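See below for the structure under consideration.
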Amino acid sequence: MNFSLSLLLKKSINLQQPFLVCHLRFSSNSQIIRPFIKCNAEVPNSKISVIGLGNVGCALVATLLFMKLTNEIGFVDINAERLKANLLGFKYMSMHLNYAKIEGSTTYDAIAGSKICIFSAGVRPNPGESRLTILEKNVVVMKDVVPKVVRYAPDSILILVLNPVDIMTYITTCISGFPPERVLGSGTNLDTARLRFKMSEKYNVATDACEGWVLGEHGLSSMIAWSTCKVGGVFITDLNPKMGLDDDKEKWAEVHQYVTQQGPGINKLKGYTNWGIALSVCDICNAILNNTKSVRAVTVPAKGFHGIEDNVYLSLPAVIGQNGIIDIVELPLTERECQNLHKSGKFLFEYQQKLKI
Ligand SMILES: NC(=O)C1=CN([C@@H]2O[C@H](COP(=O)(O)OP(=O)(O)OC[C@H]3O[C@@H](n4cnc5c(N)ncnc54)[C@H](O)[C@@H]3O)[C@@H](O)[C@H]2O)C=CC1
Ligand SMILES: CC(=O)C(=O)O
């Protein structure tokens with residue numbers, strides 16, 4: 001018991017009236033928390049909203065809370081009951097993690113004024129199916145959802161998670177009319193993490209000692225830029241010039257298989273994936289909110305980079321800050337890597353072209 005509380009209790013036991021006086025003194029919030037400035041509208045906005053509170057959306061909100069990235073979270077879902085249950089769960093969770101204002105609703109006022117809106121509403125592929133099989137269904141969802149987000153959060157930065165994420169980024173850019181720097185896809189940030197994880201296992205070192213990029217589609221046509229892979233600052237191709245090739249004795253090509261099979265593999269085991277993508281997207285949010293200018297592999301319009309001529313959306317390393325995508329890093333890829341990136345672009349562009357938006 002602290003000193004003032006013990007005094008208060010003593011008084012309340014001995015004398016009825018002083019207790020009442022004390023009680024009245026502290027009954028009004030406005031007297032305890034006294035106004036200091038007239039309005040705090042100048043405080044930078046860090047509200048993050050999630051559209052679609054399923055497996056991914058829930059993992060995202062939980063991770064945002066754990067990371068204490070923002071003190072204002074909004075979310076929307078069409079499933080009112082699940083939404084209400086999760087809203088209560090998150091509110092109680094936030095009590096243990098300091099102050100955070102959390103709003104959840106089936107209507108879009110919950111996301112009003114957001115700095116960042118993350119899209120995870122829609123369907124996921126059935127185990128064993130490609131992400132591209134859900135393209136048309138998720139286009140329908142985005143046609144419904146994006147205009148509402150634009151209306152309620154017109155200045156936000158949009159992050160796509162919904163699959164197939166690269167084409168969804170293209171569609172959202174078209175529907176929203178937002179400038180391309182404010183629409184990005186989680187893309188191969190997750191695949192790049194999976195690559196670096198595998199490298200760290202192989203060399204028995206920390207993941208931050210491993211570099212390297214997975215680029216192109218977030219899917220089977222992605223490619224690993226082997227020439228960029230480093231461990232402890234050393235280019236692996238200096239030690240093994242055959243890295244990633246068919247006659248590579250270290251069989252690095254199997255790491256590409258590993259990377260592309262993680263999503264489908266986890267999906268087969270539990271029906272969905274959520275934890276890795278949640279942290280991957282929170283990492284992008286951190287770069288935006290704190291203007292860190294971190295370089296991450298995210299889905300961007302790739303036309304004009306590496307000789308790509310089609311208006312296709314692919315993952316390339318991008319510098320991310322408070323306004324979204326600031327710059328794109330054009331890596332010095334080998335000819336073979338460039339060809340693989342083009343193949344991935346052609347593959348996605350075929351799907352993109354068939355769409356009616
Ligand atoms: N890019 C990536 O690396 C990853 C992408 N994903 C993708 O994220 C998406 C979501 O996956 P899960 O969360 O597992 O699915 P889920 O089925 O658990 O959640 C989807 C949520 O969207 C809601 N929803 C559907 N239509 C809506 C609408 N019109 N408006 C508002 N809410 C709506 C549903 O009620 C549901 O709560 C899938 O497309 C999945 O493939 C998942 C993991 C990783
Ligand atoms: C589902 C998905 O896209 C992934 O975990 O890679």
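For ligands, and for the atoms within them, numbers begin at 1 and follow the listed sequence. Since the model is a prediction, treat every value here as computed from it, not as a measurement.
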Min heavy-atom dist Asn138 to ligand 1 below 4.0 Å
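The answer is yes: ligand 1 sits under 4.0 Å from a heavy atom of Asn138.
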Does the residue Arg131 have a heavy-atom contact with ligand 1, meaning some pair of atoms that are separated by less than 4.0 Å?
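No, Arg131 has no heavy atoms under 4.0 Å from ligand 1.
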For [atom], what's the nearest protein heavy-atom neighbour? Residue, atom name and distance, please.
| atom | answer |
| --- | --- |
| atom 13 (O) of ligand 1 | Val56 N, 2.8 Å |
| atom 1 (C) of ligand 2 | Thr273 OG1, 3.3 Å |
| atom 21 (C) of ligand 1 | Asp77 OD2, 3.7 Å |
| atom 25 (C) of ligand 1 | Gly122 N, 3.5 Å |
| atom 1 (N) of ligand 1 | Val161 O, 2.9 Å |

Is there a donor-acceptor pair closer than 3.5 Å between any side-chain N or O of Asn286 and the backbone N or O of Cys282?
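Side chain of Asn286 to backbone of Cys282, a donor-acceptor pair under 3.5 Å: no, none is there.
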Less than 3.5 Å between some nitrogen or oxygen of Tyr272 and one of ligand 1, yes or no?
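N/O-N/O distance under 3.5 Å: no.
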Ring geometry between Phe90 and Phe75 (parallel below 30°, tilted from 30 to 60°, perpendicular above 60°)
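The rings of Phe75 and Phe90 stand perpendicular, inter-plane angle above 60°.
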Has Lys354 got its NZ or CZ under 6.0 Å from the middle of the six-membered ring of Tyr351, at an angle within 45 degrees of the ring axis?
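Cation-pi check for Lys354 and Tyr351: passes.
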Distance to the ring centre below 6.0 angstrom and angle to the axis at most 45 degrees; does that hold for Lys198 and Trp252?
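Ring-cation test returns no.
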Classify the contact between [X] and ligand 2 as side chain, backbone, both or neither, using a heavy-atom distance cut-off of under 4.0 Å.
| X | result |
| --- | --- |
| Arg131 | side chain |
| His218 | side chain |
| Asn163 | side chain |

For Arg194, atoms of ligand 2 separated by under 4.0 Å from a heavy atom:
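Heavy-atom distances to Arg194 below 4.0 Å select 4 (C), 5 (O), 6 (O).
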Using a 4.0 Å cut-off to any heavy atom of Gly263, which atoms of ligand 2 qualify?
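That gives atoms 4 (C), 5 (O), 6 (O) of ligand 2.
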Determine, stepwise, if the pair Glu201 / Arg196 fulfils salt bridge (charged side-chain N to carboxylate O under 4.0 Å, His left out).
CA-CA 9 Å; Glu201 260 194 353; Arg196 294 179 187 187; over 6 Å; no
